[in-house]
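Data block below; observations after.
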Amino acid sequence: MFFQNLQKTLRQNIREYGMYIALFVIMLIFTITTEGVFISSRNLSNLLNQTGYIAVLAVGMTLVIVIRHIDLSVGFLAGFLGAIAAVALVQWNLPVFVVIPLVLVLGAIAGLITALPVAQLGIPSFVASLAGWLIYRGLLLLVTEGTGTIIIPDATFNALGNSYIPDLPEMAFLPGVHKITLLLGLIGIVFFILGQVNDRKQKQAYNFEILPMDLFILKLVFVSAIVGAITWVLSGYNGLSWTVVIVLIVLAIYHFITTQTVLGRHIYAVGGNPEAAELSGINVKRIIYVVFGSMGMLSALSGILFTARLQSATTTAGTLFELDAIAAAYVGGVSAAGGVGKVIGSIIGALVMLSLTSGMNLMGIGIAYQYVVRGLVLVAAVIFDVTTRGKGR
Amino acid sequence: MTSPILEMKNITKEFPGVKALNNVSFKVAQGEIHCLVGENGAGKSTLMKVLSGVYPHGTYTGDILYNGQAQQFRGIADSDKAGLAIIYQELALVPEMSVYENIFLGNEIRNGFLVNWNETIKRASEMLKKVGLTVNPATKVKDLSVGKQQLIEIAKALSRDVKLLILDEPTAALNEVESDNLLALLRGLRDHGVTCILISHKLREVFAIADSVTVLRDGQTIITLDAKKGEVSEAAIIKHMVGREIENIYPRREKIPPGEIVLEVKGWTAFDTLLGRDVLKDVRFNVRKGEIVGFAGLMGSGRTELAHSIFGNPDGYHLKGELAIKGRKAVFGLPEDAIRAGIAYVSEDRKGDGLILSQDVKQNISIANLRELASRGVVNANAEIKIANQYKGSLNIKTPSVEQKVVNLSGGNQQKVSLAKWLFVKPNVLILDEPTRGIDVGAKFEIYTLMTELVKQGMSIMLISSELPEVLGMSDRVYVVAAGRIAGELPISEATQERVMQLATN
Ligand SMILES: Nc1ncnc2c1ncn2[C@@H]1O[C@H](COP(=O)(O)OP(=O)(O)OP(=O)(O)O)[C@@H](O)[C@H]1O
Ligand SMILES: [Mg+2]
């Protein structure tokens with residue numbers, strides 16, 4: 001009975017669980033082939049930090065693709081805005097706490113500008129954002145032209161890309177372990193379990209369909225174990241980095257918006273059937289502005305994270321970010337037909353792609369093969385998506 | 001009886017949570033017109049998809065004998081080769097392609113490696129003539145109304161060498177004249193040896209054309225009736241379909257004096273920038289509180305355009321004229337504004353602009369009125385499920401749960417979801433555009449009863465329908481629309497079929 005239920009649930013939700021399984025398998029393979037180096041605290045921590053600036057882009061790109069559009073300009077927009085941040089810090093001597101909001105706002109405005117011809121004139125977003133790609137690339141070169149690479153001396157800013165959250169002072173209890181990280185992980189697990197139990201109770205009260213008890217417990221144990229394992233591994237090195245914290249916050253906000261709010265529903269309705277959405281009283285143009293605006297803001301965030309990580313703005317910053325983000329979204333189960341896709345999926349997708357890079361680097365596989373493998377994985381993911389479409393719910 | 005051309009034995013087909021077909025047997029004689037009837041969700045379309053290989057061999061159990069031979073179709077291509085053609089309930093045309101390209105799509109007339117376009121156009125014109133459609137073969141399909149697109153589908157099937165033609169509700173979107181043409185066409189084909197399976201909810205035409213009728217109910221064969229033995233009558237069909245008798249399909253309504261005018265339109269002209277002409281000219285009408293106002297007319301007469309232009313003008317017509325809600329002038333820039341002003345519009349094209357097929361039943365029902373389910377922008381998911389279940393119950397929507405994706409529902413049940421969505425908006429004026437298209441008799445009766453109740457509660461209904469009996473049976477007043485104009489207004493006592501048709505065709 002238990003296994004039947006498990007099988008049925010897995011089959012009905014294969015699309016949803018597919019990526020997690022894929023990520024798990026990929027990590028397992030690399031752990032074996034690198035004799036455990038891949039799963040070491042240090043490597044995992046690095047991997048997550050590298051994923052950060054692509055992950056935030058992938059979150060924004062998810063929504064763009066969900067409403068059946070694309071934004072190619074995000075990579076160089078990130079690079080350009082990162083350079084603006086550097087200029088603001090170094091040449092204008094503005095404090096960090098002014099620079100960051102300023103750059104985020106600029107990003108949102110840039111997104112709105114991309115959306116303008118798309119929403120008002122129905123210009124394909126591919127074209128509009130390709131123009132943006134060219135323009136921001138030019139602007140990036142312009143900004144960095146005089147000085148070349150702009151080195152950023154500001155420690156607070158650089159911390160966003162390089163540092164870790166503080167810890168309690170060293171003590172005898174659990175030496176060498178990052179206790180705050182561990183604590184946060186535990187709090188996360190507790191909140192997750194409480195939330196799930198609460199949700200289940202409510203559903204029961206309404207007499208809705210729920211998972212059988214044994215599967216429910218399995219789900220709780222499984223997710224808790226994964227979160228626990230990751231926190232444990234991370235706390236063995238430097239703990240949570242600021243980058244990871246920022247990505248988690250972005251993820252939480254976007255997950256909430258897409259799953260719980262009217263705005264989120266409207267976005268998915270526009271993606272599912274724009275005409276029907278319009279006739280249902282949804283302002284489709286407004287949704288386009290909102291989604292592109294958010295994409296621009298996240299590009300700015302990505303630029304900040306990347307610039308902080310390099311501690312400098314370079315002339316090539318942001319190159320190919322847009323394609324990594326798009327690939328991450330597709331690997332994460334976003335459908336090109338519109339209306340389908342989850343932000344969590346895209347983050348997992350970004351992790352899958354970065355794991356591939358990181359694992360193959362550790363194995364000493366040449367960059368040429370790496371591109372080929374990543375291409376194959378992308379295709380495999382989309383094939384999986386298409387062939388499982390319509391199955392289950 | 002001649003030998004059966006087709007025999008389906010003990011067919012069972014299951015979807016997650018639904019047994020769509022349960023041990024169905026179905027026999028069709030050579031050269032007959034065999035009608036397949038049943039309630040929404042009875043399994044008619046599914047049975048035909050099993051037959052044509054849409055659900056390939058192995059995804060169902062049971063046997064298919066065609067011309068006495070066991071068949072194991074793995075896809076449409078296989079059944080096509082065997083001389084089967086199916087025209088779906090949901091149209092399968094390429095909107096951006098021309099009529100002639102669509103007719104010969106996948107069956108191109110070749111000249112070596114190239115397509116012989118001249119021959120294609122010539123043959124396409126012949127096919128169009130056969131189905132009685134006068135359009136330029138070079139017209140893009142997307143510029144045609146749903147009804148005309150249906151005829152193109154039929155022309156497409158005829159262009160292939162069909163032995164067994166399957167039509168899933170072909171006349172749902174056609175008016176009576178066109179339906180009659182089509183029926184005559186089918187008779188002609190029968191005389192040329194083409195066997196035909198016809199699914200329809202229009203019992204009048206089933207009665208008119210069927211040689212035999214098979215009734216499905218809840219995924220099971222109930223009975224097969226033979227016309228030659230005089231077994232086919234509307235009453236008999238209804239009884240077997242719904243399991244009870246329905247006396248009068250249009251519910252009786254007590255006459256209430258009409259209330260104040262809630263919606264009024266004057267000098268209303270709409271210019272379509274894409275077509276480059278006026279689609280509505282100097283339209284003037286009004287709707288009173290608690291009234292059902294019928295809008296009769298031919299396909300393409302401008303009734304849907306009228307509804308759209310009032311409902312926030314999503315097609316971006318250039319509008320002139322005056323629109324007043326409860327005596328107050330109103331200007332709607334978007335459907336959003338119209339909804340706020342208490343207007344709801346149930347679209348005629350549920351797949352095109354009515355429903356979001358990739359989403360589930362509850363999301364479709366709530367989408368136009370999410371704000372009612374939300375506090376501070378956050379949707380209360382449980383309340384949403386509860387509301388959806390209420391409508392599932394009251395409209396008798398057949399689905400295992402409200403979390404089923406709408407794409408998996410039968411056509412008629414999709415229509416009910418579309419209706420539920422707009423009832424949840426709780427409008428003052430409900431515009432129904434072909435509301436019973438593809439809906440079974442039982443459900444039609446339910447919808448009519450519902451309409452009666454809604455107007456009793458003070459709602460006003462604009463009923464756009466190409467089914468004249470429906471307009472005449474339900475309305476208090478009838479406007480006849482022809483070529484974008486109001487050709488006449490008739491109180492129900494003066495509205496007869498002849499009078500309406502005369503106005504509509506003038
Ligand atoms: N792909 C699918 N997945 C799940 N359920 C399905 C699917 N297709 C059909 N069904 C279910 O199977 C049943 C039969 O559907 P079918 O479309 O054959 O009905 P129908 O007799 O053609 O009805 P209608 O007159 O409304 O067109 C319905 O309950 C429907 O919800
Ligand atoms: Mg059907």
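Just so you know, these numbers come straight off a predicted model, no measurement behind them. Quick note: numbers below take in every heavy atom, side chains included, and nothing from hydrogens, waters or symmetry partners. Residue numbers begin at 1 in each chain, while the letters A, B, ... track the order of the sequences.
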Counting only heavy atoms not in B/Lys13, do more than 12 sit closer than 6.0 Å to its NZ atom? yes

Among A/Thr261, A/Val262, A/Leu279, which residue has the highest count of heavy-atom pairs closer than 4.5 Å to chain B? A/Leu279

Could you measure the distance from the CG atom of B/Asn364 to the OG atom of A/Ser280? Nearest 0.5 Å is fine. 8.0 Å

So does A/Phe222 have more than 12 non-hydrogen atoms from other groups sitting under 6.0 Å from CZ? no

Among A/Gly281, A/Gly338, A/Ala277, which residue forms the greatest number of heavy-atom pairs with chain B at distances under 4.5 Å? A/Gly281

Do you know the tightest heavy-atom contact between B/Ile356 and A/Ala269? CD1-CB, 3.4 Å

Under 4.5 Å from any heavy atom of chain B, what part of A/Tyr268 do you find: side chain, backbone, both or neither? both

Do the non-hydrogen side-chain atoms of A/Glu275 and B/Asp349 ever get within less than 4.5 Å of each other? no

A/Arg265 vs B/Val379, side-chain contact (heavy atoms from CB on, under 4.5 Å): CA-CA, chis, key distance, verdict: CA-CA 9 Å; A/Arg265 288 303 191 73; B/Val379 179; 4.2 Å; yes

Crowded around A/Phe126 CZ? As in, over 12 foreign heavy atoms under 6.0 Å? no

Keeping the roles fixed (side chain from A/Asn273, backbone from B/Gly352), state whether a donor-acceptor pair exists under 3.5 Å. yes

Hey, is NZ on B/Lys426 packed in by over 12 heavy atoms from elsewhere, all under 6.0 Å? yes

Checking heavy atoms, do the side chain of B/Ile367, its backbone, both or neither come under 4.5 Å from chain A? both

Can you confirm whether B/Glu336 sits close enough to A/Ile282 that some side-chain heavy atom of one is under 4.5 Å from a side-chain heavy atom of the other? no

Pairwise distance CG(B/Asp353) to CD(A/Glu278) - rounded to 0.5 angstrom: 10.0 Å

Nearest atoms (heavy-atom pairs only) where A/Gly272 meets B/Ser358: CA-OG, 3.9 Å

Side chain, backbone, both or neither of B/Asp337 within contact of chain A (heavy atoms, under 4.5 Å): neither

